[in-house]
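To start, the structure under review is shown below, and the notes come after it.
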Amino acid sequence: MGERAMYRRAIQYIKPMEQGWTQPHIFRCDDLNTYVVKLINNPDGTGVLANEWIAGRLGSLLHLPIANSRIIVITHDLLDMYPELKKLDITSGLHIGSCFEEYGVNVGEHVDLSDCRNLHHAAGMIVFDHWINNWDRHITQANLLYLQDKQEILLIDHSDAFFGPDWDMDEWWENEELEVFWGPLYEKFAPYIDNSDPFEEYLDAIESLEEADLRNAIHGIPHQWSIPEDDLDQLVDFLLFRKDRVRFALGELIEHFPIWHSTRLED
Ligand SMILES: Nc1ncnc2c1ncn2[C@@H]1O[C@H](COP(=O)(O)OP(=O)(O)OP(=O)(O)O)[C@@H](O)[C@H]1O
Ligand SMILES: [Mg+2]
């Protein structure tokens, strides 16, 4: 898809999302879809927008069900139409949004997944989170939606990927070994994805990625977000370094997967 096709112009302000640390807002855009928009002047800065953009593109590369990010143009004229936006000191220019899923609920303890049609992607989610160090999904349980109408899970909110929006490169290179995540969200999916080698397909997919794929994924970040080129180069190195280490890290999770575990013992 061309870059321009990634742009949507906001034509109507709907309301604040009223959930989420980055304080997203809901807008209708010129394609008449409604978007959950993270703003350039959110409390965590433009790194949030870059993280969403890059993670969204990496996730699509792996064919994961991940919210499709669009760059949302908010014009001066639109801001002039809504005094409440003026009060919030919203800047005009380029923000980021994902299509608002009206029937999406956060996958927490009480969500019944028995009718879910794309549960196998939960294995991909776990691989992906480790690769990009998306440390908060398994803890908060709020960054995965279950779309009740489509009966599918959808990965959202990659604000905290890459160790967080500040891109602390010392932290990136501090440990050769990847931190391993486990918690109630992943636990919920374990019975559905357990088999003789639950992560193989997705590990294979990230290990086969090449530098050019990653360069393509970081492409298209608006200048207005002020992300230095050097930082983007380092991010590519960071991802290349980690992609071949996810397999080893996930090996530590075997005890949570009885079928995988028993198959390994038989080998
Ligand atoms: N595309 C969407 N469709 C429907 N609901 C959404 C969508 N995007 C986000 N939400 C809802 O809004 C909440 C906040 O969004 P999101 O998690 O992206 O923001 P955040 O500020 O980064 O959150 P956090 O507080 O986890 O850092 C989500 O937990 C989810 O319930
Ligand atoms: Mg969130």
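Everything quoted here is computed from the prediction, not taken from an experiment. Order of listing sets the numbers, starting from 1, for every ligand and every atom in it.
Y82 has its ring centre no less than 6.0 Å from the ring centre of F27.
Relative to atom 4 (C) of ligand 1, the option among E18, E101, E52, K38 with the closest non-hydrogen atom is E101. Of the candidates R137, E102, Q141, Q19, Q19 brings a heavy atom nearest to atom 13 (C) of ligand 1.
With a 4.0 Å heavy-atom cut-off, ligand 1 is reached by the side chain of M17 but not by its N, CA, C or O.
Here the heavy atom of the protein found nearest to atom 24 (P) of ligand 1 is D157 OD2, 3.5 Å. Regarding atom 9 (C) of ligand 1, its nearest protein heavy-atom neighbour is I156 CD1, 3.7 Å.
Polar contact with ligand 1: absent for P24 (N/O pair, distance under 3.5 Å). For ligand 1, one of its N or O atoms has an N or O atom of W21 under 3.5 Å away. Not a single N or O atom of T140, backbone or side chain, sits closer than 3.5 Å to an N or O atom of ligand 1. Considering both main-chain and side-chain atoms, L145 never comes within under 3.5 Å of ligand 1 through any nitrogen or oxygen pair.
At least one N/O/S atom of D157, from backbone or side chain, sits under 2.8 Å from the Mg ion (ligand 2).
Ligand-side atoms of ligand 1 in range of F100: 1 (N), 3 (N), 4 (C), range being under 4.0 angstrom from any heavy atom.
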